[in-house]
Number of protein chains: 2
Amino acid sequence: MTSNLPKFYDERMTRSETLERGGGVAIWRQIAERLRTEISLDVWKTDERLPSEADLAVRFGVNRHTVRRAVAALAEDGILKANQGRGTFVAQKPIRYPIAARTRFSEIVSSQDREPGGELIAHSIEPADDALAARLEVAAGTDLIRLETVRFADDIPIGAGINWYPAARFPSLVDAFARSGSITAALRENGLDDYRRIQTLVSADVAGPQDCALLDIATGDPILVIESINEDLEGRTFNVSRSRMAAARVQLSIDS
Amino acid sequence: MTSNLPKFYDERMTRSETLERGGGVAIWRQIAERLRTEISLDVWKTDERLPSEADLAVRFGVNRHTVRRAVAALAEDGILKANQGRGTFVAQKPIRYPIAARTRFSEIVSSQDREPGGELIAHSIEPADDALAARLEVAAGTDLIRLETVRFADDIPIGAGINWYPAARFPSLVDAFARSGSITAALRENGLDDYRRIQTLVSADVAGPQDCALLDIATGDPILVIESINEDLEGRTFNVSRSRMAAARVQLSIDS
DNA sequence: GGTAATTTGTTCGTATGTATC
DNA sequence: TGATACATACGAACAAATTAC
């Protein structure tokens, strides 16, 4: 196989194709992850044809059945599109997601010529526990709106999140979000025209069953875990949120 | 079993403890990842005792052996420490890693009372390809120093990275880094006293064999992939780096 | 100090899933 | 397709260390 990678990426990708057995991750899944990463790094570009299963089997040093299972998993995720007779092709590039004081999901997605969307998964009123109360600067036990959402770009789920807001301040928030699918719009309906993200914590995880169901990905896929705190222009914290984003579909960027 | 989780996390954590079978990721690994995430989110604090293996087995609906396998994996990573008769304790928390204009590995680690270190893995001179040349604002083909490093906190590997620098500008960079183990110190020896990180890209991946070897983690563990661009005080870009950090050992934070 | 309860550590056996050939 | 080797997961029982009373 001749590599058509830019050297920049080539080095790290081709260094070693060894796969680990007995590490708790099936071989077919390791191969799927490797291909997924290469696709998200543009090693295989959109609409480019992947090598044949036989070639991939040689590359990874495994049985062809094992490669077939990996490819099937990625095809099921919509990452690969199988066109009968022509081959297997790559689907979609990740969204660039800038983290800044003014981070708005809808605006970010729109600016990249994709259609933003949001779906209400669940909502409830719950009393603030100590951790949440401290972050939101309210008394423990204060009623909070708990809003669980999934956000989309072109109907592809990007991230699932839980948002907490002081209930007293945003009486019609849930309704407004359910109608508009936009947090920004829902907050505006509740009298909050502008706000700032003051802190963001980022970690990584691998997908569990809940992530799979909400984000339409597979168990073991990498996930970006993002916790953010937002405050209004008077400096009062009004929101804490935690979201889990499919790493293959977003690329965080931080300018400083 | 009465839960001793703060409610904040309890809700989200206990909503569905269902683990997926046959998805290519062993159940013990799924449990290990879930515990790892909880620990990094401070659900379990340093030196706090985890619920007994029997209780965790009930919580996850699995056999105690399966929990033991998960705990063993985390213990091997130095995250948990199990004592016969006493219980299992949280040994090491992730480093909080603020992303800002002035981000220095050594300073971040030192400020958290851990000992920073760096090891030179490989180095070479290579011509800039188009992607690198554009980022570094040099002509394609310009000689670059390619510096591969692993960085430590208390001798625990935190991240492995590749750094590119214009070769002409930093004649003794490799030498200086090999001696000091600090990029900041090596740059200072080459006449660059101060610099700013202007952009950071963040994604997630799962560990491959190379990550396992360099970072002493297991295949399938979550990885934070971080690409950063640094410029000097005159606004000239002088460095591009890509590093892969063990997600269990760092928690990125961005203030805006 | 003595004893019971708790908790991790170990060893059987059995059934199922994964990967190769 | 079937045979084989190995990893995964469960169940029961018991040993060893620690803690609580």
Side-chain angles (χ1 to χ4, degrees), chain A residues 17-35 52-76 206-209 212 218-221, chain B residues 1-5 16-36 38-39 44-92 206-209 212 217-221:
Chain A
E17 299 287 16
T18 356
L19 300 167
E20 193 187 63
R21 287 153 204 266
V25 182
I27 301 273
W28 64 263
R29 165 155 295 284
Q30 295 179 51
I31 293 172
E33 281 320 320
R34 189 116 20 132
L35 292 175
S52 70
E53 288 169 358
D55 286 347
L56 288 173
V58 170
R59 169 182 164 192
F60 290 112
V62 299
N63 193 278
R64 190 170 138 267
H65 293 307
T66 311
V67 167
R68 278 185 61 75
R69 184 142 188 206
V71 171
L74 291 174
E76 181 140 7
V206 292
C212 300
T219 308
D221 287 354
Chain B
M1 177 187 109
T2 47
S3 168
N4 48 0
L5 297 172
S16 163
E17 298 288 15
T18 21
L19 301 166
E20 197 184 62
R21 288 159 199 263
V25 180
I27 293 196
W28 63 262
R29 169 161 290 284
Q30 297 179 50
I31 293 172
E33 288 316 330
R34 192 133 357 151
L35 292 176
R36 192 198 299 276
E38 292 182 6
I39 290 165
W44 312 106
K45 302 202 194 321
T46 308
D47 294 334
E48 185 176 357
R49 218 201 75 183
L50 286 186
S52 70
E53 292 170 351
D55 285 347
L56 288 173
V58 169
R59 169 182 162 190
F60 291 112
V62 299
N63 191 276
R64 187 163 79 94
H65 285 302
T66 311
V67 168
R68 281 181 59 75
R69 185 84 161 84
V71 169
L74 293 174
E76 183 138 1
D77 286 358
I79 292 171
L80 294 180
K81 178 90 181 116
N83 297 116
Q84 191 171 28
R86 288 188 59 214
T88 304
F89 299 81
V90 177
Q92 195 113 43
V206 291
C212 299
I217 56 180
T219 307
D221 286 354

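Excluded from the calculations below are hydrogen atoms, water molecules and symmetry mates; all remaining heavy atoms, backbone and side chain alike, are included. Residue numbers begin at 1 in each chain, while the letters A, B, ... track the order of the sequences.
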| query | Do any N or O atoms from the side chain of B:Glu53 and from the backbone of B:Val67 form a donor-acceptor pair under 3.5 angstrom? | reply | no
| said: So, does B:Arg68 get its side chain near the phosphate of C:dG9, meaning an N or O under 4.0 Å from OP1 or OP2? | reply: yes
| query | So, is B:Arg69 near the phosphate of D:dT8, with a side-chain N or O under 4.0 Å from OP1 or OP2? | reply | yes
| note | To the nearest angstrom, the CD1-C1' distance between A:Ile27 and D:dA5 comes to 14 Å
| query | The side chain of A:Thr66 lies closest to which of these nucleotides: C:dA19, D:dT8, D:dC10? | reply | C:dA19
| Does D:dC10 have OP1 or OP2 sitting under 4.0 Å from an N or O in the side chain of B:Arg64? | no
| task | Answer yes or no: does a side-chain N or O of A:Trp28 lie under 4.0 Å from OP1 or OP2 of C:dT18? | result | no
| request: With heavy atoms under 4.0 Å as the rule, sort B:Arg21 into base, sugar-phosphate or nothing. | output: sugar-phosphate
| Whole-Å distance separating the CZ atom of B:Arg29 from the C1' atom of D:dA9 | 16 Å
| message | Between B:Val25 and B:Glu33, is there a side-chain heavy-atom distance shorter than 4.5 Å? | response | no
| said: I want to check one thing: is the phosphate of C:dT7, taken as OP1 and OP2, less than 4.0 Å away from some side-chain N or O of B:Arg49? | reply: yes
| Can a salt bridge be assigned to the pair B:Lys81 and B:Asp47 using a cut-off of 4.0 Å between side-chain N and carboxylate O? | no
| note | All heavy atoms of B:Ala91 vs all of B:Thr46, minimum pair found to be O-CG2, 4.1 Å
| With respect to the side chain of B:Asn63, which nucleotide from D:dA9, C:dT8, D:dC10 is positioned closest? | D:dC10
| query | Taking CZ from B:Phe60 and P from D:dC10, how many angstroms apart are they, rounded to a whole number? | reply | 13 Å
| In whole angstrom, what separates B:Gln84's CD from D:dT18's P? | 7 Å
| D:dT8 P sits how many Å from B:Ile31 CD1, rounded? | 13 Å
| note | Rounded to whole Å, CG of B:Leu56 lies from P of C:dT7 at a distance of 11 Å
| query | Which nucleotide sits closest to the side chain of A:Val62: C:dG9, C:dT20, D:dA9? | reply | C:dT20
| query | What integer distance in Å separates B:Arg86:CZ from C:dA5:C1'? | reply | 17 Å
| B:His65 has a side chain; which of D:dA9, C:dT20, C:dT10 sits nearest to it? | C:dT10
| query | Between C:dT10 atom C1' and B:Glu53 atom CD, what is the distance in whole Å? | reply | 12 Å
| query | Is there a side-chain contact between A:Arg64 and A:Leu56 (heavy atoms, below 4.5 Å)? | reply | no
